[in-house]
Visitor: 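So that we are looking at the same thing, I have put the structure below in structure tokens.
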There are 2 protein chains.
Amino acid sequence: MSKSKIKDTTKISNAVIKRLPRYRRYLKELKKKGVDKISSNELSSLIGYTASQIRQDLNNFGGFGQQGYGYNVDGLYNEISAILGLDREYKMVIVGAGNLGQALANYTHYYRAGFVVKALFDVNPRLVGLRINDIDVLDSEGLVEYVEDNEIDLGIICTTKDNAQEIADKLCFAGVKGIWNFAQVDLEVPNHVALENVHLSDSLYTLAYKVSGNAAQNGGAGFEE
Amino acid sequence: MSKSKIKDTTKISNAVIKRLPRYRRYLKELKKKGVDKISSNELSSLIGYTASQIRQDLNNFGGFGQQGYGYNVDGLYNEISAILGLDREYKMVIVGAGNLGQALANYTHYYRAGFVVKALFDVNPRLVGLRINDIDVLDSEGLVEYVEDNEIDLGIICTTKDNAQEIADKLCFAGVKGIWNFAQVDLEVPNHVALENVHLSDSLYTLAYKVSGNAAQNGGAGFEE
DNA sequence: GCGATTTTGTGCGTTTTTTAACGATACTTA
DNA sequence: TAAGTATCGTTAAAAAACGCACAAAATCGC
Ligand SMILES: NC(=O)c1ccc[n+]([C@@H]2O[C@H](COP(=O)([O-])OP(=O)(O)OC[C@H]3O[C@@H](n4cnc5c(N)ncnc54)[C@H](O)[C@@H]3O)[C@@H](O)[C@H]2O)c1
Ligand SMILES: NC(=O)c1ccc[n+]([C@@H]2O[C@H](COP(=O)([O-])OP(=O)(O)OC[C@H]3O[C@@H](n4cnc5c(N)ncnc54)[C@H](O)[C@@H]3O)[C@@H](O)[C@H]2O)c1
């Protein structure tokens, strides 16, 4: 499927990466609708990025399209999935079995996408021992050992912000490859560990800014980011 | 406090706005520690943005600092809070009282910050009638009327993606000023309604990208975004 | 099978964003 | 109070991101 042309994908800008999941979402919809092929122009009017940007984004990874034809929906979907690393399974633990930790554990879609929550961890003895969506809540004393023994790939931090750095340190020590952080704090992790923050409050405050008189109104079609 | 110099804040770039909540978080910490003043250089080594960028960002809104001194922590915190629109109260409803809707309703910090959840809405009769964190779960039949009657400012969408656009339409019709969307879909809203998306899956997939071999490693101190 | 048409991949100019440099200004201390 | 120092606000330069335009290549219709 992919051409033999070798691209250096080691320094793709963050802006490009952030758009990939969005491409994938639209391609998934198109697949579901039974659409076989799509041109950058058609994609553009769906997604809201310029056709030029779409072509340029995709070309960072390889020539997935064909002149005069466009892109094969199924093929492109698979390529992007592979680029994102979604063609494998990720073992995860959630640390902090409170509101958010439980909500994530109950969310079944990730499992289907290859993200498997193996265990939850908490310090609260009233939570330890529970089963949430068939996943055990374990005592966080055993976190490091569990992560090591079960070769956990990703740690999800859903504790209060005061404990987050400590948890992150433990997770990194135990060998996770990435951390998905929901605590409202910026964590320090070693270079070889990936970090993705979900700062919900920051997002809400951004919304407040847009709503309050200070901000310019969205002039366009409701796309952003 | 603020100088009389008039700035045109109607076309501040999104990149700047996204950094404001982060400035505010660090200033809050400094306040808590009893720090009175801070220079752009000191802030830089805390936050990880260049001192130059910090000064330029802040200058978009006014000259909050003083030469030879720096910035007054308390004053700057208040200025940024005001810019973000956090010096008022927002009335909110959550549509979709599932995992995520309940997690948000249970989260008490937003209340303190002026974001008050007035009601949850759901179609599921088994959820309607419940009280979550002292907030009623109402039948979503009455959504439009409730939003109109109670002058709700913001709608939070926590339903499945298939219903999200319909809910958004109702919320907009009923007069909300902004929508915080957690459904994995890009919504269309009128120009005068602000929209902020939290695409959790996109964030997770970005993490997968960074973890998978494709990505370049984070060369620095663990800061990003 | 061939010409008209479509559409990509890509070089290049433009815009946006970030970083650097520095004069102006206010603080600090002796 | 005045010299010296710290630090901002701002302008200029550099870098990054984006969009335009077009040649090359493949498709599609006849
Ligand atoms: N719930 C939300 O809507 C929301 C919104 C914005 C931000 N957040 C952030 O997400 C994080 C979690 O939020 P939440 O609402 O689930 O909080 P929560 O209080 O419901 O849950 C936190 C859980 O972490 C556990 N915990 C604390 N220290 C721990 C440790 N050292 N090891 C293991 N477990 C530990 C607690 O026992 C608790 O069960 C917080 O940092 C919060 O600021 C949540
Ligand atoms: N929970 C997570 O961890 C998670 C992660 C990523 C994305 N999301 C997204 O967030 C959204 C909510 O997730 P969730 O886990 O809370 O799902 P959920 O299924 O637990 O809750 C959805 C709720 O919405 C209600 N609902 C459906 N249609 C409605 C309508 N028309 N009006 C009012 N209520 C309606 C349902 O009855 C249900 O209670 C989904 O779009 C999901 O894709 C959730």
Side-chain angles (χ1 to χ4, degrees), chain A residues 1-20 22-23 35-73 75-76 79 216 219-220 223-225, chain B residues 1-20 22-23 35-73 75-76 79 216 219-220 223-225:
Chain A
M1 184 102 349
S2 38
K3 300 254 181 75
S4 60
K5 196 178 297 179
I6 288 147
K7 300 259 178 180
D8 179 10
T9 59
T10 57
K11 44 172 191 264
I12 309 271
S13 85
N14 235 317
V16 175
I17 304 305
K18 288 251 174 97
R19 283 191 290 270
L20 292 180
R22 184 156 166 167
Y23 290 129
V35 179
D36 281 337
K37 66 165 186 174
I38 191 148
S39 71
S40 57
N41 258 304
E42 292 168 312
L43 249 185
S44 169
S45 59
L46 277 176
I47 304 193
Y49 303 144
T50 64
S52 181
Q53 178 156 73
I54 292 171
R55 290 200 299 277
Q56 204 147 32
D57 280 354
L58 298 177
N59 255 98
N60 281 306
F61 303 98
F64 303 138
Q66 294 229 299
Q67 278 104 328
Y69 177 84
Y71 298 87
N72 177 277
V73 170
L76 188 55
E79 292 280 6
F223 300 120
E224 107 275 9
E225 203 149 329
Chain B
M1 184 106 350
S2 39
K3 300 254 180 76
S4 61
K5 196 177 298 179
I6 288 149
K7 299 260 177 180
D8 180 9
T9 59
T10 59
K11 44 172 189 267
I12 308 272
S13 86
N14 237 317
V16 175
I17 303 305
K18 288 250 174 97
R19 284 192 290 270
L20 292 181
R22 184 156 168 168
Y23 289 130
V35 178
D36 282 336
K37 67 166 185 175
I38 191 149
S39 70
S40 56
N41 258 304
E42 291 168 313
L43 249 186
S44 170
S45 59
L46 277 176
I47 304 192
Y49 303 143
T50 63
S52 186
Q53 179 158 70
I54 292 171
R55 290 200 298 276
Q56 203 149 31
D57 280 354
L58 298 176
N59 256 97
N60 281 307
F61 303 96
F64 302 137
Q66 295 228 298
Q67 279 104 326
Y69 177 84
Y71 298 87
N72 177 277
V73 170
L76 187 56
E79 292 280 5
F223 300 120
E224 110 273 12
E225 203 151 328

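Numbers restart at 1 for each chain; the letters A, B, ... are given by sequence-line order, proteins then strands. This one's a predicted model, so the numbers in the text were calculated from it and none came from an experiment.
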Visitor: Please give, in whole Å, the distance from dG9(D) C1' to Gln66(B) CD?
Guide: 12 Å
Visitor: Below the 4.0 Å mark, does dG9(D) have OP1 or OP2 next to a side-chain nitrogen or oxygen of Tyr69(B)?
Guide: no
Visitor: Check the phosphate of dT18(C) against Gln53(B), side-chain N and O only, distance under 4.0 Å to OP1 or OP2. Yes or no?
Guide: yes
Visitor: Using only heavy-atom distances, decide whether a donor-acceptor pair under 3.5 angstrom links the side-chain of Thr50(A) to the base of dC18(D).
Guide: no
Visitor: Just the rounded figure in Å: distance from C1' of dT27(D) to CD of Gln67(A).
Guide: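 Taking atom C1' of dT27(D) as the reference, CD of Gln67(A) is at 10 Å.
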Visitor: Taking OP1 and OP2 of dT7(C), is either one under 4.0 Å from a side-chain nitrogen or oxygen of Asn41(A)?
Guide: no
Visitor: Check the distance between dT11(D)'s P and Asn60(B)'s CG and give it to me in whole angstrom.
Guide: 13 Å
Visitor: Rounded to the nearest Å, what distance is computed from the CD atom of residue Glu79(A) to the P atom of nucleotide dT8(C)?
Guide: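 Atom-to-atom, Glu79(A) to dT8(C), this comes out as 16 Å.
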Visitor: What's the spacing between Thr50(A) OG1 and Arg55(A) CZ if we round to 0.5 Å?
Guide: 8.0 Å
Visitor: Between dG19(D) atom C1' and Ile47(A) atom CD1, what is the distance in whole Å?
Guide: 17 Å
Visitor: Between the side chain of Glu42(B) and the main-chain N/O of Ser39(B), is any donor-acceptor distance below 3.5 Å?
Guide: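 Here the side-chain-to-backbone pair exists.
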Visitor: State the CD1-CZ distance between Ile54(A) and Arg22(A), to the nearest 0.5 angstrom.
Guide: 10.0 Å
Visitor: Mind calculating the distance between CG (Leu58(A)) and P (dT8(C)) to the nearest angstrom?
Guide: 9 Å
Visitor: Whether the side chain of Ser13(A) and the base of dA17(D) hold a donor-acceptor pair under 3.5 Å is what I'd like checked.
Guide: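 Flag unset: no donor-acceptor pair detected.
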Visitor: How long is the line joining NZ of Lys37(B) and P of dT5(D), in whole Å?
Guide: 16 Å
Visitor: dC8(D), OP1 or OP2 - any side-chain N/O from Ser40(B) closer than 4.0 Å?
Guide: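 Yes, Ser40(B) has a side-chain N/O under 4.0 Å of OP1/OP2 on dC8(D).
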Visitor: Looking only at side-chain N and O atoms, does Tyr71(A) come under 4.0 Å of OP1 or OP2 in dA26(D)?
Guide: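 No, because none of the side-chain N or O atoms of Tyr71(A) sits under 4.0 Å from OP1 or OP2 of dA26(D).
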Visitor: On DNA chain D, does the nearest nucleotide to Ser52(B) precede the nearest nucleotide to Glu42(B) from the 5' side, or the other way round? Give the residue.
Guide: Glu42(B)
Visitor: Is Phe61(A) close to Glu79(A) at the side-chain level, that is, under 4.5 Å between some pair of heavy atoms?
Guide: no
Visitor: Stepwise, does the side chain to side chain contact (heavy atoms under 4.5 Å, CB included) test hold for Tyr23(A) with Leu76(A)?
Guide: CA-CA 9 Å; Tyr23(A) 290 129; Leu76(A) 188 55; over 6 Å; no
Visitor: Which sits closer to the 5' end of DNA chain C, Arg55(A) or Gly68(A), going by the nucleotide each is nearest to?
Guide: Gly68(A)
Visitor: What's the closest nucleotide to the side chain of Ser39(A) if the choices are dC18(D), dT8(C), dG9(D)?
Guide: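 Out of dC18(D), dT8(C), dG9(D), the nucleotide with an atom closest to Ser39(A)'s side chain is dT8(C).
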Visitor: In whole Å, what is the span from the CD atom of Gln56(B) to the P atom of dT11(D)?
Guide: 10 Å
